[in-house]
Structures are given as structure tokens and as C-alpha cells.
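Just the heavy atoms: all of them, side chains too, but no hydrogens, waters or symmetry mates, feed the values below. In what follows, chains carry the letters A, B, and so on, assigned in the order in which the sequence lines appear, proteins first and then strands, with residues in each chain numbered from 1.
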Amino acid sequence: MTKFSDLNLDPLVLKAVAEAGYETPTPIQAQAIPHALEGRDVLGIAQTGTGKTASFTLPMITLLSKGRARARMPRSLVLAPTRELAAQVAENFDTYAKHTKLTKALLIGGVSFKEQDLLIDRGVDVLIATPGRLLDHFERGKLLLTGVQIMVVDEADRMLDMGFIPDIERIFQLTPFTRQTLFFSATMAPEIERITNTFLTNPAKIEVARQATTSETIEQRLVAFAPSRRDRAFGEKRAMLRALITAEGEGCTNAIIFCNRKMDVDVVAKSLKAHGFNAAPIHGDLDQSQRMRTLDDFREGTLRLLVASDVAARGLDIPAVSHVFNFDVPSHSEDYVHRIGRTGRAGRKGVAVTIATPADDKYLGQIEALIKREIPRAPVPEITFDDRPDRGDRPARGRHGDRDRDRDRPARGERSDRRTAPRTEPQQQPVAAPAPAPQPAAEDTPRPPRRDDRRRDSRHDRDDTPVVGMGDHMPEFLTRSFARPAAVNAEPDTETAAG
DNA sequence: AAAAAAT
């Protein structure tokens, strides 16, 4: 079997590799490194977790170790789709280039230009960047790409998803025709194929088997439940999530909780914290410094629950996550594979729990088609709903609220799915309550001012007024006409046609 | 129904 020492790498690189504890290259490393060292273009079809990063950093350091950088003219360039990924590549360089004198700069958005400018001015051997910030520097005239000898594109298919391909093409055109190109993508979409045909010269094509999508080390579960009411789905899912985390007990050492929307990431993280869980959010709208800090805390173990958007689904190197929770079913089936792939790594056992509502059926079908198996259905935990501090600025649901609901929905207790249906209110409340004393109309009940009007779910669920279906009581707002003020209706015909 | 990345 090949060892790193057989690969013709610079002795100083080999030393650092050995110190990092590696002896045997992964398949992509064993195949890509010799070609890269020969100066050939490489087209690597491989996913995260295959050792892709080292397959280009090690030969790059070796090739660059001779020669020195000139001011504003980096000798090599690595492009990554997200800031975290770029930062990760930079860390990799630090690890493996530590015995060399190579310099590097990390050019990503969300941080000040000043330090980056300073480094570029001094001259760097390796420039690691996200496309937007790189072009920004270029346009400000601070950067010349005509000295680039080696260019790496990492996670090209993700760049495509994110609309970066035009930027990538432009950057390619700013670098010399004679450069060496190392290009990595998990898939070969037609657009990716076109780019590689245009910008790579006779590349060595290396394909590494995709990680088993449903690796045996990941135990997948599906928690399928129907929210008691559409507008309660969000709150009930939060309660469900808490119950699921709690049920895992100590076995859940750390977990990533994925939501589909950034806003939900924030609310879920806040809600978990309010319930005493050690949780923090990460998504693209947060400060870069905060994103980094949160990731560091999570890696170090001081943070147990990372609530994330799909920014964290791919690429990020987060070792040893015991659990992944999908608070939302991802709407791209590929993302499901990426998300659950954050657990069960390196032979360790992992658990991936997905919360699904009937609205997710379509996406669930696509996911199960992709992974070619059904996700085993797990029992739905019972949830109680009236202990939410994130709604704690309102009086706890009073007995009359529950009683009213019981009265309004006499069929509830008879539902056949009662055992598995989530409880949305404590059913042990005295059902045989005394005859309703005349209650003040909800509108007259003095209520403390609500601070959470911004909250997405408060809009629907504003008070304890019972919902009476559409039977004998119709909420006033529904009786209002849908007609808009005449002034707005300049073209009434096109308006209806558009709907 | 979305997320990511330049300000």
C-alpha cells in the first residue's frame, strides 16, 4: 500500500504530515498527488470527507517551496464556495506548510480589507479566497493574478449552486494560460463539464467512490407527525425537537440541528436556549466573527447543539457529531445526504433524526428515492406545549382555554392516532370542569403587553380565544373583502390573470 | 417554502 513517503513530496511536507499523525494517503490523495506533482491538471470528482483538501495542499506546498512570492502577485490561488470552507483550507495550509517559509492570505468577506491588503502587499505564495472578496480586491487594483502558477477550484458543484460560475470563469481568465489547474467537484453537472472542458488541459481524471449515502454507521429515523393546526406546526416542532434531544440523553454528546430557513435557525436556537439547552445558531446572516467563534466552540465541545442552515451541511470539518436532527426536511434531496453525513463519520456510530410533517411528503419521497430505502419510522414522542418560556411573556394557558378547546373538539380524544399524535395541550387537565362561568370576552381580558409581536408564530396564535373551526363563528377578518382599495387597482384585469 | 457570497 502506498505511503505518503512514497509520493515524492517535499521532506518538510512529509515531516508535517507525519506530525499530524498521517501515514497512509486516502484514495484521492494517492491518485491525485502524483499527477499534481508532475504539473498536470487534475479533475477530481470527490466529496467532502475523502481527504480532498490535502490532495491539493500537499502537492501545492511541494511545488511552491522553490521560489518566492512578489508583492501583490500571489503564486497560487484556491477558491472555495463558503467562507468557512476557505478558512478550513487555510488551516490545512498552516498545518502542512509549517516547516516551510511559504506565506498565505485568506481573502473572505465579512472581515476588514485592511489586514488582507497588508498581506497581499507583502506578497503571498498561497491565496485562499471566496470568489466575491477576491474579485473585490482585484477591482480595487490591489491584486494581480498574472503570477498564479497553480489554481484550485474546490467544491465546484456547490459554486454552481450558488451562482458563482460566472465569477469563476472571470477569475480563470485573469490568470495566465500556462497555469496548472486542480479542479474538484462532487458531481459533473453539464455546466461543470463545460467549465472543465474550457479551462483544463488534458486533466488527469480521478474519481473517488461517493461515500455510501446511507452508511451503516448512521442510524436514520423519521419522526412523522401531523401538527394539530397548521399555524402551530413551528411551535410543536420545537417541542418535538426538545423531546427528541432529551430522549437521546447522554448518548447525544453533540448535535447539529438543521433548519431550512435562517430565521428558523435563529428562533430554534433561541427557543432551545430558553429551555436550558446549550445551543447556538449558525447561518450566513450572522457576523463572520460570530460564525467562527460558534464553530470553534462546537469543535471544542463547549457548545453542544449547533443550530444551522445548510451553510453547515457540506464541507465543514466538524468531527465526531453524535447526532443530526433535521428540524425541517430539506427540499433538495441531496442536502439530506450531506446533512446526515455530518454524523457517523470515521467509523463512529451516528444517529440522524428527521422531523417530518405531511407537508414534507413530496420531499421525503424524493429523499427516499435518492437513498433507495425507506427511512425507518420512529415513535413520535409526546409533547406538552404550555411550558414554553419563549412564549412566557403571556400568562400560561388557563384552564378555560383548555376547556374551551375540549368543548370545541369533542372528537379529539377519539382519534385513532391518539397514541402517536402529539399532544398539544395537557390532556390531564380536569376535563369535567365546573360549568363555564361567564368568561369575559377575550377582547376585554386585560393582557400584559406582548413583546414578541415580531415573532413569526405570534401573529397567528395571538391569544387564548378558542378556534372554532369554520362552524358557527367566523373570525371577523375573514369576512372582510379581498378587494383592494380602488386606487391600487389600476389594472384589475391583469391582477386576476396573474393569480 | 431557501441558502450561500461583495457592500
Side-chain angles (χ1 to χ4, degrees), chain A residues 48 78-89 106-114 116-117 120 127-143 153-171 174 186 227 230-231 233-234 237 256-269 281-292 295 306-316 326-339 342 354-367 456-457 459-460:
Chain A
T48 319
V78 180
L79 294 171
T82 67
R83 298 169 186 173
E84 275 78 9
L85 270 170
Q88 227 165 262
V89 173
L106 175 63
L107 303 190
I108 57 175
V111 294
S112 95
F113 281 91
K114 215 173 146 192
Q116 298 179 354
D117 278 341
I120 296 170
L127 202 58
I128 301 153
T130 46
R133 181 54 76 99
L134 181 86
L135 286 172
D136 208 343
H137 276 283
F138 180 80
E139 278 156 14
R140 292 158 77 245
K142 291 284 185 181
L143 189 59
V153 179
D154 198 8
E155 306 244 340
D157 53 335
R158 204 163 171 214
M159 302 242 195
L160 176 69
D161 288 347
M162 291 165 66
F164 278 156
I165 292 301
D167 287 348
I168 298 299
E169 287 188 75
R170 188 162 160 229
I171 295 165
L174 298 172
R230 202 190 171 126
D231 57 282
F234 191 52
K237 277 168 85 171
I256 307 179
I257 297 153
F258 286 104
C259 303
N260 287 358
R261 282 163 296 238
K262 290 182 275 198
M263 197 172 145
D264 292 354
V265 168
D266 283 330
V267 177
V268 169
I282 187 162
H283 60 69
D285 280 355
L286 295 173
D287 265 14
Q288 190 55 29
S289 58
Q290 201 188 333
R291 277 162 68 168
M292 298 277 198
L295 266 185
L306 183 69
V307 188
S309 68
D310 278 316
V311 70
R314 307 193 204 185
L316 290 194
N326 284 315
F327 184 82
D328 296 309
V329 175
S331 52
H332 283 322
S333 45
E334 283 281 335
D335 285 335
Y336 177 81
V337 178
H338 289 295
R339 287 181 180 186
R342 318 278 16 182
T354 300
I355 302 177
T357 65
D360 300 316
D361 278 354
K362 190 173 122 203
Y363 299 118
L364 202 57
Q366 289 169 2
I367 290 167
R456 50 177 295 141
D457 54 344
R459 193 169 31 138
H460 307 286

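The distance between atom CD1 of A:I168 and atom C1' of B:dA4, rounded to the nearest whole Å, is 13 Å. Rounded to whole angstrom, the span from the CD1 atom of A:I171 across to the P atom of B:dA5 amounts to 15 Å. Remark: C1' of B:dA6 and CZ of A:F164 are 9 Å apart, rounded to the nearest angstrom. Atom pair A:M159:CE and B:dA5:P shows a separation of 12 Å (rounding to whole Å applied). Across the protein-nucleic acid pair, A:R339 atom CZ and B:dA3 atom C1' stand 10 Å apart, rounded to whole Å. Whole-Å rounding puts the A:F258 CZ to B:dA3 C1' distance at 12 Å. Distance, A:D136 CG to B:dA6 P: 9 Å, rounded to whole Å. One interatomic measurement links the two molecules: CG of A:L85 to C1' of B:dA4, which rounds to 11 Å at whole-angstrom precision.
Contact annotation: A:T82 side-chain N/O to B:dA5 OP1/OP2 distance is not under 4.0 Å. Applying the 4.0 Å criterion to OP1 and OP2 of B:dA5, one finds that A:R158 has every side-chain N and O outside that range. The phosphate of B:dA6 has OP1 or OP2 within less than 4.0 Å of a side-chain N or O from A:T130.
Within 4.0 Å of A:S331, counting heavy atoms only, lies no atom of the nucleic acid at all. At the heavy-atom level, A:R140 lies nowhere under 4.0 Å from the strands shown. In this structure, A:P81 reaches the sugar-phosphate backbone alone: every heavy-atom distance under 4.0 Å involves primed, P, OP1 or OP2 atoms, never a base. As judged by a 4.0 angstrom heavy-atom cut-off over every strand, A:G110 is placed among residues touching the sugar-phosphate backbone only. Residue A:H332 is classed as a base contact, given a heavy-atom separation below 4.0 Å to a base.
Each of B:dA6, B:dA5, B:dA3 was ranked by its minimum atom distance to the side chain of A:R133; first place goes to B:dA6.
Pairing each heavy atom of A:I120 with each of A:H137, the nearest pair is CD1-ND1, 3.7 Å.
Counted by atom type alone, A:D266 and A:H283 present one or more donor-acceptor pairs between their side chains at under 3.5 Å.
Taken to the nearest 0.5 Å, the CD atom of A:Q288 stands 4.5 Å off from the CE atom of A:M292. To the nearest 0.5 Å, the span separating CG on A:D328 from CG on A:D264 amounts to 6.0 Å.
With A:N326 as the fixed residue, the side-chain hydrogen bond (donor to acceptor under 3.5 Å, both in side chains) test singles out one of A:D360, A:T354, A:D335: A:T354.
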